[in-house]
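These notes are about the structure you will find just below.
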Amino acid sequence: MHEYTSSARVWGLTCPGFPEEVSRARRWTRDILRGSPLAEDAELIVSELSANAILHTASGHESGSFHLAVAVSAQVVAVSVTDDGCTGTAPKVEHQDQEAEHGRGLGMVSVIAHRVVVHDSDGGHTVTAELFTDARMGGHPC
């Protein structure tokens, strides 16, 4: 793929806010990324972000939902989960100790992903985790 003409492919899926939809989101991500060396990491990230949306936001309430997007280019795989909001605070990366029962999810995602970005809007929050195909793009050592 030529660097000036490459383009990203983007897929989207909206799921009802039921716990069983987390496994659907994982399968969907796995199907899109089949054959990619980043598939397992992306699947784990999608699982964590989807579960967080259901557990910690209005996405898990009656008639709630969450939206999943997967963008793939030659340089990066980006997975985003958008929730329905209605929480007092935006999701944030916290590095809890291993004994903590809650609050470790985004910390785990930040260890797996090369970059994690949280966007707030009136309708909710979007957490995007990026996995670079070449780790040097993210400033990580080889």
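Starting from 1, each residue takes its place in the sequence as its number. Keep in mind that what you see is a predicted model, and the values were worked out from it rather than measured.
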- [ ] Taking the side chain as every heavy atom from C-beta outward, state whether I54 and F18 have any pair of such atoms under 4.5 Å apart.
- [x] no
- [ ] Using atom types as modelled and distance alone, determine if a side-chain donor or acceptor of S50 lies under 3.5 Å from a backbone N or O of V46.
- [x] yes
- [ ] Can you measure from CG (L68) to CD (E21) and round to the nearest 0.5 angstrom?
- [x] 11.0 Å
- [ ] List the steps and the verdict of side chain to side chain contact (heavy atoms under 4.5 Å, CB included) for R115 and T128.
- [x] CA-CA 8 Å; R115 182 168 55 178; T128 301; over 6 Å; no
Task: Which atom of S59 lies closest to which atom of F66, heavy atoms considered - done: OG-CB, 4.1 Å
Task: Atom CD of E20 with >12 non-hydrogen neighbours under 6.0 angstrom - done: yes
Open item on the list: Please find the pair of heavy atoms, one from T14 and one from H67, that lie closest to each other, and give the distance.
Closed with: OG1-ND1, 2.8 Å
TODO: With the side chain counted from C-beta on, respond yes when V72 and V70 share a heavy-atom pair under 4.5 Å apart, and no when they do not.
DONE: yes
Open item on the list: Quick one, S80 and E130 - any side-chain contact, counting heavy atoms below 4.5 Å?
Closed with: no
Open item on the list: Any non-hydrogen side-chain atom of V127 less than 4.5 Å from a side-chain atom of V81?
Closed with: no
Open item on the list: With side chain to side chain contact (heavy atoms under 4.5 Å, CB included) as the criterion, how do S65 and D84 come out once you've worked through the C-alpha distance, each side chain's angles and the decisive distance to 0.1 Å?
Closed with: CA-CA 7 Å; S65 64; D84 285 345; 4.0 Å; yes
TODO: Measure across L131 and A113 and return the closest heavy-atom pair with its distance rounded to 0.1 Å.
DONE: CD2-CA, 3.7 Å
Open item on the list: Between S110 (side chain only) and G107 (backbone N and O only), is there a donor and an acceptor less than 3.5 Å apart?
Closed with: yes
Task: Min side-chain heavy-atom separation R24-L13 under 4.5 Å - done: yes
Open item on the list: Measuring only between side-chain heavy atoms, which start at C-beta, is I45 closer than 4.5 Å to V116?
Closed with: no
- [ ] Decide yes or no for L38 and L33: does some side-chain heavy atom of the first lie under 4.5 Å from some side-chain heavy atom of the second?
- [x] no
TODO: Decide yes or no on side chain to side chain contact (heavy atoms under 4.5 Å, CB included) for D120 and V118, but give the supporting numbers first.
DONE: CA-CA 7 Å; D120 299 325; V118 178; 4.0 Å; yes
Task: Interatomic distance, L49 atom CG to L44 atom CG [nearest 0.5 angstrom] - done: 9.5 Å
Open item on the list: As an exercise, state the distance from OG of S23 to CH2 of W28, rounded to the nearest 0.5 Å.
Closed with: 14.5 Å
Task: Single-linkage hydrophobic cluster, 4.5 Å side-chain cutoff, W11 and V77 together - done: yes
Task: Test item: E48 and M108 side chains (from C-beta on) under 4.5 Å apart, heavy atoms - done: yes
Open item on the list: Main chain of Q75, side chain of T133: is a donor-acceptor contact present, judged purely on distance under 3.5 Å?
Closed with: yes
Open item on the list: Measuring from atom CZ of R30 to atom OG of S47, what distance do you get when rounded to the nearest 0.5 angstrom?
Closed with: 10.5 Å
